[in-house]
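All heavy atoms count here, side chains included; hydrogens, waters and symmetry mates do not. Owing to the predicted nature of the structure, the values given are computational and were not obtained by experimental measurement. FYI, the numbering just counts along the sequence from 1.
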Amino acid sequence: QLRLVESGGGLVQAGGSLRLSCAASRFTLEGPTIGWFRQAPGKKREGVSCISDGVITNYATSVKGRFTISTDNAQTTVYLQMNSLKPEDTAVYYCAVDWRSYRHYCALTIGPYDNWGQGTQVTVVS
């Protein structure tokens, strides 16, 4: 069974950067869609970004232009480069997989996703 492990979270000042990693155990991430989500205290989990078949990407409006999703050459890790971080980006960040691939658009809704990782905490202080 696919196991996803997030890492790279931490404490950073506003305006700083972090790179999160979502690593897949014993499985290539080529083909399916990987999504990054986040959940702040007292708030619902929300979609941040997704990448499908290593090519098609989508971003939440709140992170567009600041965050970049990508995969490594071996297609076993998906990265989320987060720049110009803001205090409102503070949350636990999760990755998950949608086993389908999309040619034009990947969704940032929770429903299609499965195999959630344990999450990594990102804290941005002003």
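Sequence neighbours left out, the pairs with a member in residues 59-80 that pass salt bridge (charged side-chain N to carboxylate O under 4.0 Å, His left out) are R66-D89. Within the structure, every pair that satisfies the side chain to side chain donor-acceptor pair (under 3.5 Å) test and touches residues 116-126, not counting sequence neighbours, is listed here: Q121-T123.
Atom OG of S17 and atom CZ of F67 lie 9.5 Å apart (nearest 0.5 Å). Atoms CD1 and CZ, from I56 and R103 in turn, are 9.0 Å apart once rounded to the nearest 0.5 Å. One finds the CG atom of D98 at 7.5 Å from the OG atom of S52 (value rounded to the nearest 0.5 Å). For the atom pair CG of L20 and CD1 of I69, the computed distance is 10.0 Å after rounding to the nearest 0.5 Å.
For S21 (side chain) and Y79 (main-chain N/O), no donor-acceptor pair under 3.5 Å exists by modelled atom type.
When the side chains of ILVMFWY residues are joined at heavy-atom separations under 4.5 Å, either directly or via intervening members, Y105 and V78 end up in two distinct hydrophobic clusters. Note on L18 and Y59: same hydrophobic cluster, where clusters join Ile, Leu, Val, Met, Phe, Trp and Tyr whose side-chain heavy atoms are under 4.5 Å apart, directly or indirectly. Residues V92 and V12 do not share a hydrophobic cluster, defined by chaining ILVMFWY side chains whose heavy atoms lie under 4.5 Å apart.
At least one side-chain heavy atom of I34 sits under 4.5 Å from a side-chain heavy atom of C22. Side-chain contact between C106 and I51 is absent, with no heavy-atom pair separated by less than 4.5 Å. Inter-residue side-chain proximity for Y94 and Q39 is flagged as met; some heavy-atom pair is nearer than 4.5 Å. Y102 places none of its side-chain heavy atoms less than 4.5 Å from the side chain of C50. V124 is not listed as a side-chain neighbour of M82, based on a closest heavy-atom distance of 4.5 Å or more. When side chains are defined from C-beta on, Y113 counts as touching F37, because their heavy atoms get closer than 4.5 Å.
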query = Run the side chain to side chain contact (heavy atoms under 4.5 Å, CB included) check on R38 and L80 step by step: do they pass?
reply = CA-CA 12 Å; R38 66 187 181 186; L80 185 68; over 6 Å; no
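When all heavy atoms of L4 and V97 are compared, the closest pair comes out as CD1-N, 3.9 Å. Taking every heavy atom of both residues into account, A60 and G47 meet most closely at CB-O, 3.5 Å.
Around the CD atom of E88, the shell of radius 6.0 Å holds more than 12 heavy atoms that belong to other residues, nucleotides or ligands.
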